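This report refers to the structure that appears directly beneath it.
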Number of protein chains: 2
Amino acid sequence: MKSEHIPKATIARLATYIQVLSEFKREGTDVVSSERLAEACSVNSSQIRKDLAYFGEFGVRGVGYYVQDLITSIKRSLGIDRAWNCGLVGVGNLGRALLRHREFSRKGFIIRGAFDCDPYKIGEIVEGMEIVCSRQLPAKVKELSLEIGIITTPPERAQRAANYLVGAGIKGIINFAPSRISVPSHIHLEYVDFFHHFYAAAFHIRFAEHQE
Amino acid sequence: MKSEHIPKATIARLATYIQVLSEFKREGTDVVSSERLAEACSVNSSQIRKDLAYFGEFGVRGVGYYVQDLITSIKRSLGIDRAWNCGLVGVGNLGRALLRHREFSRKGFIIRGAFDCDPYKIGEIVEGMEIVCSRQLPAKVKELSLEIGIITTPPERAQRAANYLVGAGIKGIINFAPSRISVPSHIHLEYVDFFHHFYAAAFHIRFAEHQE
DNA sequence: TTGGGAATGTGAATTTTTTAACAATTCTTC
DNA sequence: GAAGAATTGTTAAAAAATTCACATTCCCAA
């Protein structure tokens, strides 16, 4: 198959596949069938084969998928076979937690700059990184080759942070702040909102109760 | 319309609607049309009307929706018109950040218990809350009427945390740890994985470059 | 070297979700 | 109080995503 438009849901599932495949690898499994992978991911096995088909042919008929090869192939397909330099704007509780989160660099997203507009925070060192004034974004984005901006400001300051980042020439933005922002269409924008998972849980729990 | 099966995507959008409606409210807007709300949420206006129709009729034909009423109606529909007691297992970086995150209680998800199995952490006070040994979960879940469990352990300990929570009689679990877990089917389980947003960003940025 | 078993990749069928279109309802103005 | 403008709720159409089903390919053993 290869290419064309790829559903958002496929990308999300590929992330899951990598996670589960990495676990298989740790357990010493070398080869896995779509059936077995599907079970571990709670999806349909055709789904997996379809998802992979968007990017190429990675399996061996009659055999299955070589775990390590598949991880490598998926990573290459997603563009995470290399490191991405990120800048984080807004060093509050959440921002600090992300700065300290080991998983970021382990997954290839290296946070190279931390920015805030609070004079009390500027100059402070977090995880070996000096917090820099947001106004310096244009200079720093170039200097550090930042490509992805992470917004962890309070909601009312998210748009301004986005403006700084866009002006500085960032390529994509991941917005953790609970507010909608607008950016030019060539900038890729993702919203992270883990509260909707809480809403979903609340809804389903209450619905289940209502059923009894 | 009312009821039947409700798409996951609808729940996620309702969360967005609440967010945007709250902003409208803050700005002093009393009434809003599905068209205007749709634009602010970057969705189709039929989509909004359809999403709402799952739960009832909340608008006035020829007029639109009363902002405050709609917020209230959506919250009631989702089951977030009351507080939910949560327990958090795994007080690492991410766990601490969530414990300190004001937004939780503001949105009605009250974290009433913090649990960890590390003897060095037990007894420590975070945000006015004492960290308790995970083994005490059964007692505490009852005592504090906890309904939702939040897992923020390292991946290898997520399943054990889930087992404790399920054994203690929790109703739903939100897993922030990057690993798949299995729970009985009557427990509602949500995975929070913000890395897939990073993957999506990486993928789209690289794809855009490839297009030029 | 051939045949049987296994599992992929993919076209077709199905299901689900989204969008369009419009009848029904409400408000406003004359 | 009737006509016109606005906007919902809902049915029908379109589009998209998922699942099925199977021909194709590969491995292994006899």
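If you're wondering where the values come from, they're calculated on a predicted model, not measured in any experiment. Order of the sequence lines sets the chain letters (A, B, ...), proteins ahead of strands, with each chain counted from 1.
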| task | Please tell me which of the listed nucleotides, D:dT10, C:dT17, D:dT18, lies nearest to the side chain of B:Glu57? | result | D:dT10
| When all nucleic acid strands are considered with a 4.0 Å heavy-atom cut-off, which category describes A:Ser46: base, sugar-phosphate, or nothing? | base
| field | B:Ser145 versus B:Asn85, side-chain donor and acceptor atoms under 3.5 Å | value | no
| message | Check the orientation of A:Phe198 and A:Phe195. Use parallel for under 30°, tilted for 30 to 60°, and perpendicular for over 60°. | response | tilted
| Using a cut-off of less than 4.0 Å, is there contact between a side-chain N or O of A:Tyr65 and OP1 or OP2 of C:dG9? | yes
| request: Send over the distance from A:Arg36 CZ to C:dA6 C1', rounded to a whole Å. | output: 15 Å
| remark: Residue pair A:Gly62/A:Phe58 against DNA chain C: nearer the 5' end by closest nucleotide is A:Gly62
| message | Using the side-chain heavy atoms of A:Lys50, tell me which of these nucleotides is nearest: C:dG9, C:dA12, C:dA23. | response | C:dA12
| remark: Atom OH of A:Tyr17 and atom P of C:dT8 are separated, to the nearest Å, by 13 Å
| said: Distance check needed: D:dA17 C1' versus A:Arg49 CZ, whole Å only. | reply: 16 Å
| Residue mapping more 5' on DNA chain D - nearest nucleotide basis, B:Arg61 or A:Pro7 | B:Arg61
| said: Expressed as a whole number of angstroms, how long is the span from A:Leu70:CG to C:dG9:P? | reply: 9 Å
| request: Please say whether the positively charged group of B:Arg180, taken as NZ for Lys or CZ for Arg, lies over the ring of B:Tyr191, i.e. under 6.0 angstrom from the six-membered ring centre and within 45 degrees of the axis. | output: yes
| request: Measure the distance from CD1 on A:Ile48 to C1' on D:dC20 and round it to the nearest whole Å. | output: 16 Å
| field | Any A:Leu21 side-chain heavy atom under 4.5 Å of A:Tyr65 side chain | value | no
| query | What is the distance from CD of B:Glu35 to P of D:dA5, rounded to the nearest Å? | reply | 18 Å
| For A:Arg13, which contact category applies under a 4.0 Å heavy-atom criterion: base, sugar-phosphate, or nothing? | sugar-phosphate
| remark: Given the options A:Lys142, A:Arg82, A:Arg112, A:Glu147 meets salt bridge (charged side-chain N to carboxylate O under 4.0 Å, His left out) only with A:Arg82
| What's the closest nucleotide to the B:Ala53 side chain, out of D:dT18, D:dT10, C:dT26? | D:dT10
| task | Would you kindly give the CZ-to-P distance between B:Phe55 and D:dT8, to the nearest whole Å? | result | 18 Å
| request: Identify which nucleotide among D:dT8, D:dT19, D:dT25 has an atom closest to any side-chain atom of B:Ser34, counting heavy atoms from C-beta outward. | output: D:dT8
| said: Output the rounded distance in Å from CG (B:Asp51) to C1' (C:dT18). | reply: 10 Å
| message | Both B:Gln47 and A:Val60 contact DNA chain C. Taking the nearest nucleotide for each, which residue is further toward the 5' end? | response | A:Val60
